[in-house]
Amino acid sequence: MPTTRSKAMQDVLHRKPMPQTPPSARISDYYGINVFSQHVMREYLTDEAYDLVMAAIDHGTRIDRRIADQIASAMKDWSISRGATHYTHWFQPLTGATAEKHDSFIQPTGDGRAIEKFDGSLLVQQEPDASSFPNGGIRNTFEARGYTLWDPGSPAFIIGNTLCIPTIFIAYTGHALDYKMPLLKALSVVDKAATDVCQYFDRDVTKVNTTLGWEQEYFLIDKALFNARPDIAMTGRALFGHNPAKGQQLDDHYFGSIPERAMAFMKDFEQECHKIGIPVTTRHNEVAPNQFEVAPIFEEANLANDHNQLLMDILDRAAKKHEFRVLLHEKPFAGVNGSGKHNNWSLSTNTGVNLLKPGKNPKSNLRFLTFFVNTIMAIRKNADILRASIAGAGNDHRLGANEAPPAIISVFIGSQLSKLLDDLEKNIKAGKLTPADKTALKLEIGRIPEVLFDNTDRNRTSPFAFTGNKFEFRAVGSSANCANAMIALNTIMADQLIDFKKKIDARLAKGQKKDDAILSELQVMIKDSKSVRFEGNGYSDEWVVEAKKRGLSNLMDTPSALKVWKDKKVQQLFKDMNVLDPEELHARLEVELENYILRRQIEARVCADLAQNHIIPTAINYQTRLIENVRGLKDLLSAAEFKSASSTQMKLIKEISEHLTEMKSKIDELLEKRRKVDALESAEKKAEQYASIVLPLMDDIREHVDRLEMLVDDELWPMPKLREILFAR
Ligand code: ADP
Ligand code: MG
């Protein structure tokens with residue numbers, strides 16, 4: 001075996017679980033210990049400052065300079081008492097990672113000494129020199145400066161020796177350069193729209209929060225094997241590799257016992273999470289070998305999203321410490337399940353009501369039904385927006401592949417609720433409802449709680465599924481910032497609720513009673529949104545045909561999905577909702593196209609290099625051995641004996657030659673085509689051709705490599721094989 005591969009395998013064999021930092025106490029003793037939480041603020045702030053922060057969190061009110069100074073000073077004292085020496089504005093630029101620039105608290109006093117200083121102006125606003133973050137042209141055409149602004153809605157926390165302050169990142173012009181700013185705007189507009197609709201049912205509702213509970217899937221592979229696979233190390237996914245004979249067919253990994261080394265790693269990162277207040281609770285094996293999932297208790301969406309961003313960082317660091325590497329790629333291994341990040345989503349009122357949870361009486365059920373049907377309608381109208389929000393090079397391999405939702409956006413609600421909606425739809429009458437109709441409808445609606453307890457049919461093949469008290473957006477990719485999906489979902493929901501309220505108000509103005517107006521409008525919406533509902537197997541080929549008949553889009557790759565951002569109606573919607581203006585949307589389109597192109601470019605380079613420098617020489621090497629063997633046989637044997645004794649070798653020599661010839665011509669073609677594509681001016685065209693021309697060539701090359709892997713002596717194969725990567729413990 002070549003040294004890198006065999007050394008990597010040796011390393012894995014000798015690994016021991018890392019000694020863990022022993023948890024000093026019960027989780028509750030250290031939970032949130034590094035968070036500038038409400039609890040800490042109570043202790044460190046005056047009543048006045050505390051109340052003003054709470055108002056800023058709950059209602060977005062402004063905090064003036066004097067109070068900001070008080071808060072900054074409290075943050076400094078508290079964080080220093082917990083060992084902090086530096087602070088940073090923590091933000092989420094469009095790279096997909098998080099960013100921070102650390103400054104120390106130190107302020108020289110002029111007499112050779114220094115004091116720790118941190119005031120309101122440093123807390124509220126900073127100007128990081130972050131000009132190389134992607135901005136889609138926003139910072140070229142305008143003033144180049146970018147600012148980070150404090151988000152009081154997400155508490156500051158300490159990592160290592162640094163006080164981290166969650167912030168938004170915007171250009172001098174006010175244009176968003178990050179994920180958090182449009183997310184906050186989308187949450188705010190859906191809050192207003194949902195609160196208004198809640199007024200039909202309950203005057204006490206003054207605020208509606210979006211709740212988000214993500215489930216993060218990931219692969220955990222040994223560091224040595226990762227390093228011995230340049231494709232995985234450089235692109236996050238295996239560009240080559242024959243499927244292991246034992247894949248996930250046996251499903252024996254799913255919910256099986258967690259391997260010891262992985263367990264030590266998990267305990268470690270969970271402890272890190274708990275200290276900064278990320279409420280992770282669930283850990284289990286996923287379907288594929290060495291694939292795992294972690295999920296927290298759901299939280300308000302802005303906070304939940306910050307926590308997911310932090311978790312991805314923590315996973316990475318903890319993995320390195322335990323001599324693993326975490327793969328967050330959506331599809332690291334072809335033919336094996338990919339990794340998603342299910343976004344469980346709901347709306348919850350200040351009165352403690354989950355608006356997507358059926359209630360105990362007809363009135364609360366009508367409210368449930370209102371939000372439920374409006375969600376379905378929002379998806380029906382804006383499926384392409386939702387699709388674009390989850391687009392990315394990695395997810396292109398996952399959507400529609402092994403056990404992942406397809407690129408077709410549909411909604412699953414379960415057979416019982418389907419039947420209920422179908423029954424309600426059948427009762428559609430033009431104009432006013434008769435008393436008998438009303439009684440019938442109320443009876444139907446009254447049945448809801450009972451039917452939902454029969455939650456036997458959870459469809460795992462749907463990209464957007466109702467799961468009893470929330471919707472689960474399952475098509476989100478594992479490496480994604482949830483904000484993208486949450487911005488899209490909450491924006492289209494706000495738009496839908498505003499439209500709904502207009503229609504109800506028009507009905508009320510015509511003298512229709514409130515319940516009648518709502519019921520009649522729901523009936524119309526049930527009918528109009530029907531085509532997006534799908535209860536069958538989303539993984540099946542029949543669904544692709546059926547969806548086409550229904551007029552649903554099936555946008556198979558990122559370049560096609562991203563086109564929606566150029567649609568004037570979509571731009572108008574985001575503008576009307578005050579979430580992103582056309583310029584900002586355009587900037588995002590540019591950034592995402594660029595990101596897609598870059599990733600494909602790197603993949604194409606690595607693919608050609610490895611095929612040329614690793615695979616071809618290995619195959620030739622083996623072929624030479626075969627030829628030598630044949631020569632030896634020829635010297636040794638009679639002509640008749642030789643013919644039969646050398647037939648296998650001769651076949652192999654020929655087969656290898658064929659693969660080498662074909663593969664070499666594909667490698668040359670890849671280099672040539674890529675050069676042409678790279679020379680294109682338009683990012684859109686470039687991305688399209690990476691998808692339609694370059695990617696298929698990479699797949700062709702892979703086919704030859706994978707066939708050669710089966711032919712060539714295992715001893716000579718240069719890179720760890722997928723079975724080694726997936727099953728090494
Ligand atoms: P699974 O999809 O694996 O069956 P669960 O049903 O256990 O998962 O829950 C999935 C996630 O849904 C959890 O992270 C949980 O916190 C979240 N969740 C539960 N209720 C809500 C809600 N009202 N809003 C948002 N997320 C929720
Ligand atoms: Mg789930």
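Note that the structure is a prediction, hence the values are computed from the model and not measured. All ligand and atom numbering here is 1-based and tracks the order in the structure.
Considering each of A301, A295, P296, the one bringing a non-hydrogen atom nearest atom 15 (C) of ligand 1 is P296. When E299, K470, R474, E472 are ranked by how near their heavy atoms come to atom 6 (O) of ligand 1, first place goes to K470.
Considering only residues two or more places apart in sequence or on other chains, F157 meets the side-chain contact (heavy atoms from CB on, under 4.5 Å) condition with W90, I159, C164, P166, I276, L310. Every residue meeting the side-chain contact (heavy atoms from CB on, under 4.5 Å) condition with S410, not counting sequence neighbours, appears here in chain and number order: S462, P463, F534, W543.
For the ligand labelled ligand 1, residue E215 lies inside the 4.0 Å heavy-atom shell. Within the structure, the closest approach of N354 to ligand 1 falls below 4.0 Å when heavy atoms are considered.
Counting atoms of ligand 1 from 1 in the listed order, those under 4.0 Å from a heavy atom of I297 are 16 (O). Residue contact check: T211 has heavy atoms under 4.0 Å from atoms 22 (C), 23 (N), 24 (N), 25 (C) of ligand 1.
Both tests do not hold together for R474 against F464: distance to the six-membered ring centre under 6.0 Å, angle to the ring axis within 45°.
Put simply, the side chain of S553 never gets that close to the backbone of L555: no donor and acceptor are under 3.5 Å apart. Checked by atom type and distance alone, the side chain of D191 never pairs as donor or acceptor with a backbone atom of L187 at under 3.5 Å.
Not one N or O of L212 is nearer than 3.5 Å to an N or O of ligand 1, by distance alone.
Between K419 and D423, at least one side-chain N (NZ, or NE/NH1/NH2) sits under 4.0 Å from a carboxylate O, which counts as a salt bridge.
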